[in-house]
Every structure is written in C-alpha cells, then in structure tokens.
Student: 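Mind having a look at this structure? Questions to follow.
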Amino acid sequence: MSYWALSLTLIFVLIPLVLSKTLNLGLGRDMTVATIRSIIQLLAVGYVLKFVFDSESLLYIFLMVALMIVAATHNAQKKGAAIQGITWKIAVTLIFVEVLTQGILIGFNITPPTAQYIIPISGMVVGNSMVLSILFLNRFTAEVEDHQDQTELILSLGGTPKQAIHRQLINSIKASMIPTIESQKTVGLVQLPGMMSGQIIAGADPIQAVQFQLLIMFLLLTTAAVTSVFLGYLSYPTLFNKRMQLLKG
Amino acid sequence: MSTQYKPALHFQHVDYRIGDMEILSDITGSFPQGRITTLVGPSGAGKSTLLKLCNSLISPQNGEIFVKDKAIGDYDPVELRRMVGMALQSAPMISGTVYENLNLPLDLQGQQLAKEEAIDLLEDVGLKGDLLDRKVKELSGGQRQKVSIARTLVNKPEILLMDEITSSLDRASKHEVEELISKINRKYGTTIIWITHNLQQALEIGDYTWVMMDGQVVETGESSLLEDPKNDRVEEFVKGVVS
C-alpha cells in the first residue's frame, strides 16, 4: 500500500467524526485521541518488531512479551479494584496462560520458536486474556454484590466460602466465555477474522490462512477458559477473611 | 437478666462499627439457654447486626462473645454456624425447588436429605408435602418464610436466631409459626433469639426481652417489662412514640 493510499484511509476516521459532530455524540475527542494513539503505537510496534525479528534475540522476544503482559495487567486491574491484590492475580493469570499456550505450540512443534510466530501469537493470547479478565471481573464483582444475601445464606448454614461463592463464580466464568464461543460459532459465515483477512490481502494461500486461523481460534478458546477459571479461583478467597466472613466494599 | 439459666450466648462489652459509624456500643448481657428471648426496638437500633454477630457472619471490633462458655473466635466457623442457625426476614432462597432449598444444609456437608424427612419438615412448619417439587419462585411470601425456617431446622441448631420472620405473614400463618417456634423450644430445648417489631408477640412468646435503641441495650428482663418499663425511652417506645 502506498503512503498516499494509507493517508486516504483517514476517510474512515472522518466519517465517524462527522457523525459524532452532527448527532452531538460527544465522541469526537475520544476518537481523535484513539486515532492518533493507534498510528503512533502501531508505527512504533512495527519498527520494534522489525528490530526484534532482525536481531533474532530471545532476550528481546522475552522483553516484548513481558511488556505486553505489564500493559495488559495495568489495563485490566482497574476493573477489579474491589478485589484485594488483583494486579498480581491478573499478572499471574496472563503469565500462566502465555506459558501454557506457547508451551503447547512450541513443545508439540506446532509453530517454530521464532520471534515471527511467538510475538504475534503472544499478542493475541495476552490481548484476549486481558479482555477475558475484564469481562470476568466486571461480571464477578456485580454477581457478588447482587447476590450477597445468597452468599451469606450459605455461610450462615455452615457452608465454606467456596460453596458460598460457587454459583456466582460459575455464572461469571460462563458469562465471560460466551463472546468467545459465540464468535467462533459464526466465524466464516458472518465475519472473516482479521488475521485471516490480513494474510489473504497480503497474498497468502487462503487454505493456509484458514489453517492458521483455526489454530488461533482454538488457542483463544483455551485462553478464554483458562483465564476466567484461573483468575476466578485466584480471586474469590480474597473476598473472605479467616473467619469465613464476606468482606464488604 | 435472669440468673437461674445457664447462658447459651453471652456478650461482654461488645462494640461493632462500620467505618466511623458505631452500630453497637458496649453490649453486655446473656441469652439464657433453652429460653426464648425477644429483641425489640426501633429500626436502626442494631438488632440485626447483633444477630449476625451471634452467627459469626461478622466479628466485633471490641469485646468478646461466648457461645456456651466458649469464646466465639475459638469455634470453627462452619461448626458454629451449624450450631447457631439463622432465619431472615427476606428469606433468601437459592434458585430451584423447595426440596433443593431444604436439602441445601446437608448438601453443603456432602449428604442428602431423605424426601420423607423433607416432607415431615414441611408439615412441621404448616406446609403441605406436595410443595416439595414446586419452584421457590412460585411460592408466596409466607410460604417462602416457612421454607426458610424449615431449612434452618435441617441442621438441628441448638440456638436459633430469627430476624422478623413473621412480619410478612398473615395472621393465621403468623400464629402457626409462633406455635412452631414454641414447640421447637419446648421439645428440643432450643435457645431462641427472636427479633420482632410486634410487642404483643414479644409478650406472648418471649420469656425474656432485650430492648435496644441507638446501638445500645437500654433495658433487659422478663418480657413483662414491656408492660411496665423502668426506662423512660423504653416507655415512650412501648407507647409508640418512638417508631
């Protein structure tokens, strides 16, 4: 794509800006900031990736993935402020999911252990794990607040914290996984996934693009399940004290 | 409070605060074992908070609570809560059937309540056995309250805490529940601590009464104190001046 053609893509930013202005949506500032940020961030990442790919250094790969995890943790922790120690719980979850998925991919020789594969796949895994963490924490804090009477009922009948929070935990895990499962059901029918579309536009064989897309989709299913279950079981004990009392606020 | 009965529960200079707000202040007194004690007082007096302390759903910042002469903190919370049962005005239910709710206390222990026992429990609280498979969302307020009481009884508690359990019941159901609680008290020697807004109920059912106001116990004694209070504020409350 030429720089002129790339500049013309800003038309797709102008359309929502005009709509926002006309309808008084008040989103103009946010969209402008988002556009500028995405240009700067993606250009920077492009140059960093080129440098890392050329260097073929494991240290740089590690640093890139670590940076992704730190940024994702920082973003997700705001949604779980009510849960004690949520920052390290999210960080541990993201690290666990990343190690598990890369361990399987590299361990079974599904993808080669090179920066070209590790970094983009890690980006998708950590990014999805972050979104799942946010969805889970949003739902879980709401469930705990809305069903406080049920939690206290089970405690008052001699249940343990795990038993008292079980329903809320399961509901939150299920709810946070639904978008991933639903999007997989309609993939190819309603939408062509971004990565696959990108490969096809770049001239790759569509069948090979589909194969990689399937790999990513299955990977993201594991990411979704492991993130919400792992984060859920790390989070719930901090809602209670040693006397098995529900801590409030 | 009477001294001829052993205390089932004893409060010793108990304070409870939420943040800077004092909910209970310097509560001292005993609930006699095997007797019915009613807690009366205006809304916001701290009565429900006091019940939660008895069940260890919350802990005081200062003071000690003793359950059968043993500090509450020395009990395993699970063991304590099975011994000190609690029924609430809101009668919270888990979604599902009446049986699933009655089975809940045993399910938490990895056991199962026999259907026959469940039917007996329902009949004990004045409900028909055929309600067993009914969804709880189809129950009336009164039926929910009775199921809630029956569920609390599954653990066979030695101390039973009840928070305004008859306030949403019609006159006939209220009378049935009063009879039931009296029967449990007589038959099993269960200690009952009962929050009520109904002073007539406190007089008729309760052996003893604690009158609470603004987070403090202002008068205690045999329930007849409500007919001739010594404390001026209690007298005002009884006459309906303080609501």
Side-chain angles (χ1 to χ4, degrees), chain A residues 80-86 135-136 138-178 228-229 232-249, chain B residues 16 18-19 48 51-60 65 71-96 100-111 136 144 147-148 150-157 159-163:
Chain A
I83 298 169
Q84 212 180 359
I86 193 62
L135 287 174
F136 171 79
N138 252 344
R139 180 64 184 249
F140 190 49
T141 37
E143 284 269 335
V144 170
E145 206 173 304
D146 293 349
H147 300 288
Q148 197 176 304
D149 59 342
Q150 294 209 352
T151 307
E152 289 199 331
L153 163 72
I154 292 175
L155 290 176
S156 76
L157 289 170
T160 60
K162 190 178 174 184
Q163 290 170 322
I165 209 79
H166 180 74
R167 280 179 190 232
Q168 291 88 314
L169 194 58
I170 296 302
N171 287 345
S172 310
I173 289 172
K174 280 163 78 173
S176 61
M177 285 186 66
I178 285 172
S228 43
V229 171
Y233 280 87
L234 274 183
S235 301
Y236 89 80
T238 50
L239 297 174
F240 301 88
N241 64 16
K242 283 183 183 166
R243 294 292 302 157
M244 299 190 187
Q245 294 162 345
L246 180 65
L247 301 170
K248 289 161 197 171
Chain B
Y16 182 77
I18 297 177
S48 297
L51 280 205
K52 284 189 171 184
L53 285 167
C54 297
N55 191 254
S56 195
L57 281 178
I58 52 175
S59 294
I65 301 166
I72 204 165
D74 292 340
Y75 280 94
D76 168 46
V78 169
E79 177 201 351
L80 174 84
R81 289 169 189 157
R82 285 175 188 159
M83 188 168 81
V84 184
M86 192 167 180
L88 301 171
Q89 180 186 14
S90 59
M93 296 278 138
I94 56 162
S95 57
E100 283 170 302
N101 271 274
L102 291 179
N103 186 46
L104 181 61
L106 288 184
D107 187 44
L108 295 171
Q109 301 172 50
Q111 299 171 33
V136 285
R144 277 171 74 101
V147 170
S148 165
R151 183 178 58 194
T152 308
L153 296 177
V154 172
N155 276 337
K156 300 187 171 62
I159 300 167
L160 193 50
L161 314 170
M162 294 182 304
D163 192 350

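In what follows, chains are A, B, ... by sequence order, proteins preceding strands, each numbered from 1. Worth saying up front: this structure is predicted, and the values here are computed from it rather than measured.
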Student: Flag the one option from A/Asn241, A/Thr160, A/Leu246, A/Asp149 with the top tally of heavy-atom pairs under 4.5 Å to chain B.
Tutor: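 Most pairs with chain B among the choices: A/Asp149.
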
Student: Please answer whether the main-chain N or O of A/Leu157 pairs with a side-chain N or O of B/Asn155 as donor and acceptor at a distance below 3.5 Å.
Tutor: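 Confirmed, B/Asn155 side chain pairs with A/Leu157 backbone.
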
Student: Sort out for me which residue in A/Ser176, A/Ser172, A/Ser228 forms a side chain to side chain contact (heavy atoms under 4.5 Å, CB included) with A/Phe140.
Tutor: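 Answer after filtering A/Ser176, A/Ser172, A/Ser228: A/Ser172.
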
Student: Search all heavy atoms of A/Met244 against all heavy atoms of B/Val78 and return the closest pair with its distance.
Tutor: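 Shortest heavy-atom contact: SD-CG2, 3.7 Å.
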
Student: Of all the heavy-atom pairs spanning A/Val144 and A/Gln168, show the shortest one and how long it is.
Tutor: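 That would be N-CG, 4.4 Å.
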
Student: Between B/Leu104 and chain A, with a heavy-atom cut-off of 4.5 Å, which part of the residue counts as in contact: side chain, backbone, both or neither?
Tutor: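 Only the side chain of B/Leu104 comes within 4.5 Å of chain A.
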
Student: Sort B/Met93 into side chain, backbone, both or neither according to what part of it lies under 4.5 angstrom from a heavy atom of chain A.
Tutor: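 For B/Met93, backbone heavy atoms alone lie under 4.5 Å from chain A.
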
Student: Looking at B/Gly73, B/Gly85, B/Pro105, which has the largest count of heavy-atom pairs under 4.5 Å with chain A?
Tutor: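 Among the listed options, the one with the most contacts to chain A is B/Gly73.
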
Student: Taking all non-hydrogen atoms of both residues into account, name the closest pair between B/Arg151 and B/Leu102 and its distance.
Tutor: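 Heavy-atom minimum between the residues: N-CD2, 3.7 Å.
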
Student: Quick check on B/Ser90 against chain A: is it the side chain, the backbone, both or neither that has a heavy atom closer than 4.5 Å?
Tutor: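 Contact with chain A: none, neither part.
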
Student: Measuring heavy-atom distances to chain B, does A/Leu153 have an atom under 4.5 Å in its side chain, in its backbone, in both, or in neither?
Tutor: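 Contact with chain B: side chain only.
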
